[in-house]
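Remember, it's 1-based here, ligands and their atoms both numbered in the order they're listed. From a predicted model like this one, the values you see are computed outputs, not experimental measurements.
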Amino acid sequence: MLSKSSLKYFTLINKIKYQINKSIRNEKNYFNLILKGVIPRPQYAFGLFFTASLASQLNIKKFSVIEFGCWQGEGLMDLEHYSEEIEKIFKIKIDIYGFEGGEGLPPPKDFKDRIYQFSQGEMKESLEKIKKNLSRSNLIIGKFKETVPKFMESNFAPIGCIFNDADYYSSTSDSFNILNDQNKLMPKVLLYFDDLNFSSKMTGELGAINNFNKLNDLKIEEIPELAETMSLYWKKWSFLAKRFFLLHNFQHNLYNQRYQNPFYKNLP
Ligand SMILES: C[S@@+](CC[C@H](N)C(=O)[O-])C[C@H]1O[C@@H](n2cnc3c(N)ncnc32)[C@H](O)[C@@H]1O
């Protein structure tokens, strides 16, 4: 089931288009729903679709998708909904993980956490309420600083896609520990950042990306021409697609394996 916020933005005409698409569903038709912004929160569907397309072409049968910062669980609900559909299209399995502290935003560390915009305790939600809305997500509760290193010791399918929605520089930096082991990543990892708007290169998610790139051999990079290409089909992609970055895992044994970019396969 889609989240309440997504249902609010799902117009009647788009619901009809979505229902029609169901009867003729295939990779290309579904990509069109996403590209033209027919389905709500299309950026979440795009992240899953792109990663599933890459994974299936590289013969990776299962991948992990992660959301950092889950609040009321609405992002996870939408990931669950789109995963069901995308798994069928690509005959692939997707494991969903949500990392959430359950206490709202933690105390900010310094100016890099954009204190002028966010405050401690904002977006606090009962974890029981979140869990009630979820059917297949794995909710990992606690501060990222503690939960991510612990998670890294467990077994999970390679990480292919990460939705970052934790607002702060410090929280986003803590979440990046998930990228520490290259063997646990897909050859390319798609990262989405929800809170880039009006930040500085030193602060918030953008600051965390820049700091990660300074400290690591692997880089989180912008995706040339993604927003320009996508916005030809739906104008909101002109900013939504700019929120996607790619981590190139150059040493992965499948990094050089040829695959067809889903855009070439599926453009209308
Ligand atoms: C903007 S909300 C997430 C919204 C959600 N993704 C959605 O689409 O509905 C940010 C969430 O990140 C969580 N958070 C921020 N920093 C955290 C940290 N260091 N550890 C755990 N949770 C954190 C907060 O508790 C809050 O619920």
(message) Test of understanding: given a 4.0 Å heavy-atom threshold, classify the contact between C70 and ligand 1 as side chain, backbone, both, or neither.
(response) backbone
(message) Below 4.0 Å, non-hydrogen atoms only: which portion of D167 touches ligand 1? Side chain, backbone, both or neither.
(response) side chain
Around [atom], find the nearest protein heavy atom and jot down its residue, atom name and distance.
atom	value
atom 23 (C) of ligand 1	F144 CZ, 3.6 Å
atom 13 (C) of ligand 1	E100 OE1, 3.3 Å
atom 17 (C) of ligand 1	S171 OG, 3.5 Å
atom 7 (C) of ligand 1	D165 OD2, 3.8 Å

(request) Could you note down all residue pairs passing side-chain hydrogen bond (donor to acceptor under 3.5 Å, both in side chains) where residues 114-124 supplies at least one of them, sequence neighbours left out? (result) R114-Y116, R114-Q117
Going by the order shown, which atoms of ligand 1 are within less than 4.0 Å of some heavy atom of [X]?
X	value
K143	20 (N), 21 (C)
G101	21 (C), 22 (N)
W71	2 (S), 3 (C), 4 (C), 27 (O)

(request) Would you please determine whether S3 falls within less than 4.0 Å of ligand 1 on a heavy-atom basis? (result)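 In this structure, S3 fails to qualify as a contact of ligand 1 - no heavy atom is under 4.0 Å.
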(request) Determine, using heavy atoms of Y168 and all atoms of ligand 1, whether some pair is separated by less than 4.0 Å. (result)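 The answer is no: ligand 1 sits nowhere under 4.0 Å from a heavy atom of Y168.
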(request) Would you check if F144 and I178 make a side-chain contact, meaning some heavy-atom pair closer than 4.5 Å? (result)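 Not in contact.
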(request) Check whether any side-chain heavy atom of L218 lies under 4.5 Å from a side-chain heavy atom of H248, and answer yes or no. (result) no
(message) Below the 3.5 angstrom mark, is there an N/O of F99, backbone or side chain, next to an N/O of ligand 1?
(response) no
(message) Run the salt bridge (Lys or Arg N to Asp or Glu O under 4.0 Å) test on K150 and E146 for me, step by step, so that the C-alpha distance in whole Å, both residues' side-chain angles and the decisive distance to 0.1 Å come before the verdict.
(response) CA-CA 7 Å; K150 210 155 158 213; E146 281 114 46; over 6 Å; no
(request) Give a yes/no verdict on a cation-pi contact between R25 and F90, requiring under 6.0 Å between NZ or CZ and the six-membered ring centre and an angle within 45° of the axis. (result)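 Not satisfied by the 6.0 Å and 45° rule.
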(request) Identify which of Q72, R41, M123, E67 has a heavy atom lying nearest to atom 2 (S) of ligand 1. (result) M123
(request) Nearest heavy atom to atom 3 (C) of ligand 1 wins, so pick from S5, G69, P106. (result)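 Answer by nearest heavy atom: G69.
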(request) Check for a donor-acceptor pair, side chain of N177 on one end and backbone N or O of D174 on the other, with a separation under 3.5 Å. (result)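 A pair under 3.5 Å: yes.
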(request) Would you check if the side chain of N138 reaches a backbone N or O of Y97 as a donor-acceptor pair within less than 3.5 Å? (result) no
(request) Quick one: closest heavy-atom pair of N29 and N21, and the distance? (result)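 Looking at all heavy atoms of both residues, the shortest contact is O-ND2, 3.0 Å.
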(request) Compute whether any side-chain donor of one residue and acceptor of the other, for N59 and K61, lie under 3.5 angstrom apart. (result) yes
